[in-house]
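Taking it in order: structure first as structure tokens, then the write-up.
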2 protein chains.
Amino acid sequence: MAPPAEQRGSAAHVLELVASGAVASRADLVRELGLAASTVSARVQELVDLGLLAEDGEGTSRGGRRPRLLRIPDDGAVALAVDLGSHHVRLGAVTRTGAASDTEEHAYDLTEGPEPTLELLAGRLSGLAARQRAAGRTVRGVGIGFPGPVDPDTGRVVAPARMPGWHLYELRDRLAERAGLPVLVDNDANVMALGEHAAVHPELQHLVLVKAGRGIGSGVISHGRVYRGAGGAAGDISHVRVEAAAERPCSCGNIGCLETVASGAALVVALRERGVPVAGAADILRLVRDGEPEATTLVRQAGRHIGTVLSVVVNFFNPQAVLLGGALAEAEPMVAAVRAMLYERCLPMTTGQLTIAAASSGPDAGLLGAGRLALRELVP
Amino acid sequence: MAPPAEQRGSAAHVLELVASGAVASRADLVRELGLAASTVSARVQELVDLGLLAEDGEGTSRGGRRPRLLRIPDDGAVALAVDLGSHHVRLGAVTRTGAASDTEEHAYDLTEGPEPTLELLAGRLSGLAARQRAAGRTVRGVGIGFPGPVDPDTGRVVAPARMPGWHLYELRDRLAERAGLPVLVDNDANVMALGEHAAVHPELQHLVLVKAGRGIGSGVISHGRVYRGAGGAAGDISHVRVEAAAERPCSCGNIGCLETVASGAALVVALRERGVPVAGAADILRLVRDGEPEATTLVRQAGRHIGTVLSVVVNFFNPQAVLLGGALAEAEPMVAAVRAMLYERCLPMTTGQLTIAAASSGPDAGLLGAGRLALRELVP
DNA sequence: CGTCTTCATTCGCAGACCGAAGAAAGGTTC
DNA sequence: GAACCTTTCTTCGGTCTGCGAATGAAGACG
């Protein structure tokens, strides 16, 4: 059932199926891929020889010979992963088995421009790489989720709002040079969507992941692949005009955007206006967990706004799942409000089979996606 | 550049490239497909032998040997095409060259149920088939665009609003039995999108076609293929809630849907309420052409509503083109209003390369799409 | 008039994938 | 427990696809 990343039965496809647990033996692969047993056997043998796949004992018989189980071996390869936010950066190492380790998070300001960011990343990554190597691991490369539009072919940042100096910055090449490692960059929501899809819902063909943090972004998986649209800008929902935002000016230069009423940044401002002192999304989360009424109401209201916009997306795109990621998705009222709006506003035909849930890989979702991206693209 | 209908270099792909004028010779195909010249030559020879492709003299030299031009021959095959509306049905014959002929249009009421429709279609199609055969043509099959959700795999109508008796009706199989011809059924907007894409914009990967007639539907082309979503319901925009529709009840059972203020049916009602006697979209069009202020204002307002919803779609889906089809799209103010809303509300990054235009195949767009669908699927 | 460019075909070859046959290892049934 | 069926996996030709080099065809250019 899993959708082909490249082609049916390609190395990447086989590895993904095994990694996600969708298949456990050669016979499973035959059923899943629809290829001849001989073909599957040859392909698997190849991957075993390369060390990308391993045999792991035998399973239980289903009335005949026991299957020889397959698993993704931890071959010691890691990708360094970076989840870049506008006011924080999270780093870690990700193995082929999909585990994040050695994670660290730093506060800092992306709007200070690309050079300080490059400096910070290069420093942290070099430390991370050294520690990983000392632990006997091979560092394959770096995967980055960036909170703005990225051209994934060139690894350049494109026209981000509110980030002076970043336009057309060659983040990939600059960092690759500094770090001495291959680097891959993509939009943060895309990266998170990729990670959630591969790790949690590999059987789904079409899903939307909304990243609700300081800003709002979304990553789209269509036919099992990241959908980018004509100009690589697909998935933007934060600059949709909503009634409640009225004439509020937005960083994009327009007015009334969703972002101005439903983003983490907007909630921080709104809470401060109401006399509730908060510094960031983490504070909001804490208040919501403690049942602080102002914060809870605002988060729920933000969820309604996001749900309103998503209802159009769901009717139009008819996905199998809407996943909510980012800091705000950890607040229950946010998820509940989105769910309520979608069930109320969308056609029964589209919501009948629709999963609406918080992203299940939690705070490391972006990290895992970025790591997976790098490990996938940089096959041995 | 043209996107693969099935696979790069498949017969259907090659024929589409030639039909659309994107390529004119084997050498063009080599450049377009990226396949080896030998492969292309073999493929073309095969199609020529089958009579699906013909050589047509020589082109002009570009400094070397002249190319041997290719064209789609009129091999005498036709598909009967049906553009089914809720209050009219348009029929005709479509050749491989993409020409519609022997078209006829009848008023009638789809809501009377499937049996009368089947009766009408069977009768008209048999006459059409007889005339085509008398003219020396071979009738390959029937293609139908249906104004409601269709499961294209089974050819069944699924849960249409306001059409009692149609749910799960096996239109394809019933009609195939009656007509003695293979039948293909798809949603009317999908069919129109397919036709416009193949005939006019084969080079585009991602486009949205909005059919604004009595109802409002949209057909989505993604990666060069019709996008249907998880449940086959993708492309619905008519049941998105818009402010201006407030509490108006909609046929879908919800309130405030776009359809209740921007569809042809809604405009007819609104004009009558204002004392302007109109029977259908054709009347509205005439009034707009004559500069009648009430009608013009209403159409423009409908265009703004549609544009508002489309702005979300465009930001999210980031298509290369938004095409407007259906009766209302022939009214200039409608197109102008949609254009204005999209340029005002969407991100520059998405509108920068965006084409917004009326569907260029006019009233026969649906017919041509349905015919093309049938001829494409029923390769001899 | 020779040379270069473009267009097209022929032909041998490599790789992908298949299917039949069979081997390995287990159940099931009398 | 012996015969037989199932399931899993491999081995071994075979077919088919598409590539690339070589070649031919036909015109442009100096």
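Here is the naming used below: chain letters follow the sequence lines, and residue numbers restart at 1 for every chain. Below, each value reflects all heavy atoms present in this structure, side chains not excepted, and no hydrogens, waters or symmetry copies.
Nearest to the side chain of B:Thr39, among C:dC18, D:dC19, D:dC9, sits D:dC19. Across D:dG27, D:dC9, C:dG27, the shortest atom-to-atom separation from the side chain of A:Ser61 is found for C:dG27. Closest to the side chain of A:Ala36, from the set C:dC18, D:dG20, D:dC9, is C:dC18.
For the pair A:Val40 and B:Ser25, both in contact range of DNA chain C, the more 5′-proximal nearest nucleotide belongs to B:Ser25.
Here the P atom of nucleotide D:dT8 and the CG atom of A:Leu35 are 16 Å apart, to the nearest Å. Following rounding to the nearest Å, A:His13 (NE2) and C:dC17 (P) show an atom-to-atom distance of 13 Å. The distance from atom CG of A:Leu29 to atom P of D:dT7 is 18 Å, rounded to the nearest whole Å. Note: CD (B:Glu46) to C1' (D:dT17) measures 11 Å, nearest angstrom. To the nearest angstrom, C1' of D:dT8 lies 12 Å from CD of A:Glu55. The interatomic distance linking A:Arg66 (CZ) with C:dA23 (P) rounds to 21 Å, in whole Å. As rounded to whole Å, 16 Å separates atom P of D:dT17 from atom CG of B:Leu33.
A:Tyr227 and B:Phe317 have parallel rings, their planes meeting at less than 30° on a 0 to 90° scale where 60° marks the start of perpendicular.
Side-chain contact between B:Leu52 and B:Leu15 is present, with heavy atoms from C-beta onward closer than 4.5 Å. B:Arg26 places a side-chain heavy atom less than 4.5 Å from the side chain of B:Gln45.
Of the possible polar contacts, one joining the A:Gln320 side chain to the A:His206 backbone as a donor-acceptor pair under 3.5 Å is found.
Under the rule for a side-chain contact (heavy atoms from CB on, under 4.5 Å), B:Glu46 has no partner lying at least two apart in sequence or in another chain. The side chain to side chain donor-acceptor pair (under 3.5 Å) test applied to A:Arg31 returns A:Asp28, not counting sequence neighbours.
In this structure, B:Ser38 does not reach the D:dG20 phosphate: none of its side-chain N or O atoms is under 4.0 Å from OP1 or OP2. Remark: B:Arg43 is in phosphate contact with D:dG18, judged by side-chain N or O atoms under 4.0 Å from OP1 or OP2. For B:Arg68, no side-chain nitrogen or oxygen approaches OP1 or OP2 of C:dT6 to under 4.0 Å.
Under the 4.0 Å criterion applied to side-chain N and carboxylate O atoms, B:Arg96 and B:Asp75 are assigned as salt-bridge partners.
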Report all interatomic pairs (protein N or O, nucleotide N or O of nucleotides 3-5 of chain C) with separations under 3.5 Å.
residue	atom	partner	partner atom	Å
C:dT5	O2	B:Gly63	O	3.3

